[in-house]
Amino acid sequence: MSAQTKVRNVTVATLQRMKQEGEKFACLTAYDACFAGILCDAGVEVILIGDSLGMVLQGHDSTLPVTMDDMIYHTECVKRGNKNALLIADLPFMSYSSEVQTLENAASLMRAGGHMVKLEGGAWIANTTRLLAERGIPVCAHMGLTPQSINRIGGFFVQGRDTDQAQAILDEAKQLQDAGASVLLLECVPRALAKKITETVEIPVIGIGAGPDTTGQVMVLHDALGVSPITPRFVKNFLLDSSAGIPGAIKAYVEAVKTSAFPADEHCFD
Ligand code: KIV
């Protein structure tokens with residue numbers, strides 16, 4: 001490939017094709033232009049501008065204080081450093097409570113450079129998903145452990161462990177696909193449930209703490225580099241074994257996702 005050859009942009013269609021062909025894709029969070037460029041050079045297909053920035057950048061103990069202004073600012077930063085990745089931007093806590101508010105806020109994230117917005121919830125976000133999808137805004141529906149609901153859930157617990165709850169998550173995944181979601185994201189669910197959902201829906205599924213069988217994997221960048229204050233069981237520090245610094249660690253993450261070496265058994269929940 002010549003130095004001038006532009007790498008093809010990753011789109012929703014790319015992720016759909018990868019699912020059909022059984023190819024895994026790698027996603028990491030980024031919040032600034034510098035890391036966005038490093039992630040692209042390492043072959044990361046999807047960059048998530050996550051509201052996790054409230055915890056890893058701003059030092060809050062949850063994602064609830066993150067504002068639309070924060071998300072717009074960091075989406076603009078990532079857009080400037082992005083080369084070819086698909087950018088998913090989080091709609092923060094309480095920014096999709098009414099139809100007008102949802103449309104205005106999602107449009108702001110798309111204008112800032114996002115290619116897709118992510119919102120958290122189950123069946124109750126189906127109408128919101130439809131509202132956005134019908135107006136040309138792709139939606140990633142974040143299910144399982146939804147950190148914006150941490151006060152209702154009562155802690156960062158694995159979701160869908162009992163049969164009824166697992167069935168409810170599966171049913172809601174189908175409803176969100178039918179409502180027009182382009183991608184599902186499953187956080188902290190048993191690997192068997194994530195496998196079942198990934199096999200049941202046609203759209204790509206991104207997992208975090210959801211086992212190795214989803215279409216893609218996501219990790220918070222600071223977790224992958226071992227600089228987060230807390231390290232949940234499902235994360236791995238890829239910088240530990242890197243002889244090529246941060247770029248090498250990110251490349252190792254991409255390689256591990258693509259070969260299904262990550263997540264390993266010790267990163268999964270049953
Ligand atoms: O905000 C975020 O970074 C996320 C990931 C944990 C999936 O939602």
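Computed over heavy atoms, backbone and side chain alike; hydrogens, waters and symmetry mates excluded. Read the numbers this way: they start at 1 and go in the same order the structure lists the ligands and their atoms.
By the 6.0 Å contact criterion, NZ on Lys258 is enclosed, its count of non-hydrogen atoms from other residues, nucleotides or ligands being greater than 12. Within 6.0 Å of CD on Glu23 lie more than 12 heavy atoms contributed by other residues, nucleotides or ligands.
Of all the heavy atoms of Leu48, the ones lying under 4.0 Å from any atom of ligand 1 belong exclusively to the side chain. Counting heavy atoms under 4.0 Å from ligand 1, residue Asp51 touches it through both backbone and side chain.
One finds the CD1 atom of Ile203 at 8.0 Å from the CG atom of Leu176 (value rounded to the nearest 0.5 Å).
Using a 4.0 Å cut-off to heavy atoms of His142, the atoms of ligand 1 that qualify are 8 (O). Close approach of ligand 1 to Gly50 is summarised as follows: ligand atoms under 4.0 Å from at least one heavy atom of the residue are 1 (O), 2 (C), 3 (O). The distance from ligand 1 to the heavy atoms of Thr29 drops below 4.0 Å at these ligand atoms: 3 (O).
The pair Asp213-Lys24 does not count as a salt bridge, with every side-chain nitrogen at least 4.0 angstrom from each carboxylate oxygen. Classification of Glu255 and Lys251 as a salt-bridged pair fails, no side-chain N sitting under 4.0 Å from a carboxylate O.
The aromatic rings of Tyr253 and Phe238 lie perpendicular to each other, with more than 60° between the two planes, well past the 30° mark.
The shortest N or O to N or O distance between Asp90 and ligand 1 is below 3.5 Å.
Protein heavy atom in closest approach to atom 3 (O) of ligand 1: Ser52 OG, 2.5 Å.
At least one heavy atom of Lys118 sits less than 4.0 Å from an atom of ligand 1.
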